[in-house]
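These numbers come from the heavy atoms of this one structure, side chains and all, not from hydrogens, waters or symmetry mates.
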Amino acid sequence: MKTSPPAMGPASGKGSALAEVWPLSPLQEGMLFHAGFDAQGPDVYVIQRTLTIDGPLDPARWRASWQALLARHAALRASFHRRRSGEAVQLISREAALPWRETDLSHLPEAAALAEVGRLAAEECAERFDLGVAPLLRLLLVRLGPDRHCMVLTAHHILLDGWSMPILFDEATAVYTAGGDASGLPRTRSYRDYLAWLARQDKDAARAAWHAELAGDGEPTLVAPADPARAPALPDKAEADLPAALTRAITDLARRHGLTANTVVQGAWALLLARLSGRDDVVYGTTVAGRPPELPGVESMVGLFINTVPVRVRLDPAQPVLRLLKDVQARRSALLPHQHLGLAEIQKHAGPGAGFDTLVVYENYPRPAAAPAGPARSPSRPWPCARPPTTR
């Protein structure tokens, strides 16, 4: 059964600062719940990205460029609320002032300046956002030298995803090159169009598909011991680069057999998870891009499109690994039309067997384009605040 899209037109009220009222995506619903459930301590859904900017920079024009993006993308002006009925909505303000801070560390030696950038970035991460007050992002510009700056962008994940980041940085560079004027950018599609697309999807068919995929196993796949008293904490971060030869081998294996590199990674995690859990039928989570190709302009929209869904893998010791990988890919492909359904709803209809405590994310969103006429940039990855970031 398909449901009718909720009304998402302009809000009434003469002189009101409110432009529109939108529903939430499934993952936005989950993040809003967690924000209200635990308002103390660190917010694990705060994300941060740091940029080094080499070359001459006009801070006032750079600030004006980001203010122009805030005016251009309605999703960046969202605040999140619950009505008395319990319904969650996001309110889109007509205008929002860009939270902006500048500091000058050019008097410090490089090592000391970078350490101070890390400390300032950690402070930004520690400061919680009030989800009821827009905008849910802030920028810090640090002067490191005459022609070197570092910018720290801190935002709440409920506002945007990793794919949105290079869109914003590319547009910021283009606007900066145009003197802080965004009128020359192509017309953008609103995140509202994606929310309307979500509302048109067949939820009953999606529930049935997930129930069929996950039925039959009544136990969740858990690696960490249960601890109801565990408090939220910022994640530790450990980085490892795969050797070039191994990366090429994985890519070649995938191409030879009609697989994706993502499928190889997913299969490898399923094998490890089976060993860790002592099970031959495992479930873990994965994050999907959530940008439907049939929605015009979706690749250039800014907002939170990703969704977390379960992946179930049945293992047979007699089955060749290649057969396992092809089965993983076939099952995930069959569920592509149903990846819009929220995790809470999937687990509600599929039962305890859909539970998991590990997540595999394979990221391949676009890199920012080169922009020789604008600030030279070296972006870091835009994921959760963990250890204080460093410039590079």
Side-chain angles (χ1 to χ4, degrees), residues 3-32 35-36 45 47 63-100 129-139 153-161 163-165 167-172 174-175 178 180-200 290-292 295-306:
T3 56
S4 299
M8 290 184 288
S12 60
K14 185 176 180 180
S16 172
L18 178 63
E20 297 179 276
V21 181
W22 297 350
L24 275 62
S25 74
L27 195 56
Q28 285 181 319
E29 286 266 13
M31 290 183 182
L32 182 61
Y45 292 112
I47 59 175
R63 177 179 184 176
S65 301
W66 283 92
Q67 181 67 58
L69 296 188
L70 193 58
R72 171 175 166 83
H73 296 284
L76 298 181
R77 304 192 304 275
S79 59
F80 296 81
H81 308 264
R82 288 200 181 275
R83 290 174 166 163
R84 291 181 180 178
S85 64
E87 177 192 13
V89 295
Q90 47 186 316
L91 306 183
I92 310 302
S93 302
R94 293 187 188 279
E95 298 177 347
L98 178 70
W100 178 272
F129 286 97
D130 180 350
L131 298 193
V133 179
L136 301 177
L137 57 83
R138 49 182 175 261
L139 285 87
L153 186 155
T154 308
H156 200 283
H157 207 348
I158 199 171
L159 208 63
L160 74 174
D161 56 21
W163 187 295
S164 300
M165 289 291 198
I167 296 172
L168 288 176
F169 287 118
D170 284 346
E171 290 188 352
V175 174
D181 181 8
S183 62
L185 292 178
R187 186 173 179 271
T188 187
R189 295 292 298 268
S190 174
Y191 184 63
R192 173 189 58 213
D193 296 344
Y194 167 70
L195 297 173
W197 176 89
L198 271 179
R200 295 193 298 268
R291 292 179 181 251
L295 183 60
V298 71
E299 71 283 351
S300 62
M301 292 182 189
V302 169
L304 184 71
F305 294 82
I306 59 173

Open item on the list: A side-chain contact here means heavy atoms from C-beta on lying under 4.5 Å apart; do Val21 and Val89 qualify?
Closed with: yes
Open item on the list: I'd like to know whether Arg72 forms a side-chain contact (heavy atoms from CB on, under 4.5 Å) with Leu185, so could you lay out the CA-CA distance, the side-chain angles of the two residues, the decisive distance to 0.1 Å, and finally the verdict.
Closed with: CA-CA 10 Å; Arg72 171 175 166 83; Leu185 292 178; 3.6 Å; yes
Open item on the list: Walk me through whether Arg138 and Phe129 qualify under side-chain contact (heavy atoms from CB on, under 4.5 Å).
Closed with: CA-CA 10 Å; Arg138 49 182 175 261; Phe129 286 97; 3.1 Å; yes
Open item on the list: On a heavy-atom basis, which atom in Val298 and which in Pro292 lie closest, and how many Å separate them?
Closed with: CG1-O, 3.4 Å
TODO: Verify side-chain contact (heavy atoms from CB on, under 4.5 Å) between Leu24 and Met31, making sure each step is shown before the conclusion.
DONE: CA-CA 10 Å; Leu24 275 62; Met31 290 183 182; over 6 Å; no
Task: Side-chain heavy-atom pair His73, Met301 within 4.5 angstrom cut-off - done: no
Task: Residue pair Leu168 / Val302, side-chain heavy-atom distance below 4.5 Å - done: yes
- [ ] Rounded to the nearest 0.5 Å, what's the gap from CG on Leu159 to OG on Ser79? Could you check?
- [x] 10.0 Å
Task: Least distance between heavy atoms, Pro99 atom then Pro135 atom - done: CD-CG, 3.5 Å
Task: Heavy-atom pair of closest approach, residues Gly180 and Ala68 - done: O-CB, 4.1 Å
TODO: Look at Arg192 together with Glu20 and state whether they make a salt bridge at an N to O cut-off of under 4.0 Å.
DONE: yes
Open item on the list: When you compare the side chain of Phe80 with that of Ile158, does any pair of heavy atoms fall below 4.5 Å?
Closed with: yes
Open item on the list: Quick one, Ser25 and Phe305 - any side-chain contact, counting heavy atoms below 4.5 Å?
Closed with: no
Task: Side chain to side chain, Leu137 and His156, heavy atoms closer than 4.5 Å - done: no
Open item on the list: Taking Ala75's backbone N and O only, do any of them form a donor-acceptor pair with Gln90's side chain (distance below 3.5 Å, no angle check)?
Closed with: no
- [ ] Calculate, to the nearest 0.5 Å, the distance between atoms OG1 and CG belonging to Thr188 and Leu69 respectively.
- [x] 10.0 Å
- [ ] Give the minimum heavy-atom separation between Ala88 and Leu32, together with the two atoms involved.
- [x] CB-CD2, 3.7 Å
Open item on the list: Test your reading of the model: is there a side-chain donor-acceptor pair from Tyr191 to the backbone of Ala74, 3.5 Å cut-off?
Closed with: no
Open item on the list: Any heavy-atom pair between the side chains of Leu139 and Trp66 that's under 4.5 Å?
Closed with: yes
Task: Straight-line distance of Ser190 OG to Leu195 CG, nearest 0.5 Å - done: 8.0 Å
Task: Atom pair CD (Glu171) and OG (Ser164), whose distance is rounded to the nearest 0.5 Å - done: 10.0 Å
TODO: Please determine if Arg77 and Glu95 form a salt bridge, counting it only when a charged side-chain N lies under 4.0 Å from a carboxylate O.
DONE: no
TODO: With the side chain counted from C-beta on, respond yes when Ile306 and His157 share a heavy-atom pair under 4.5 Å apart, and no when they do not.
DONE: yes
- [ ] Please report the shortest heavy-atom distance between Trp163 and Glu299, naming the atom on each side.
- [x] NE1-O, 2.9 Å
Task: Heavy-atom closest contact (Leu153 atom, Phe169 atom, distance) - done: CD1-CZ, 4.3 Å
Open item on the list: Can you tell me how far apart CZ (Arg84) and CZ (Arg82) are? Round to the nearest 0.5 Å.
Closed with: 16.0 Å
Task: Glu29 side, atom CD; Glu87 side, atom CD - distance, nearest 0.5 Å - done: 8.5 Å
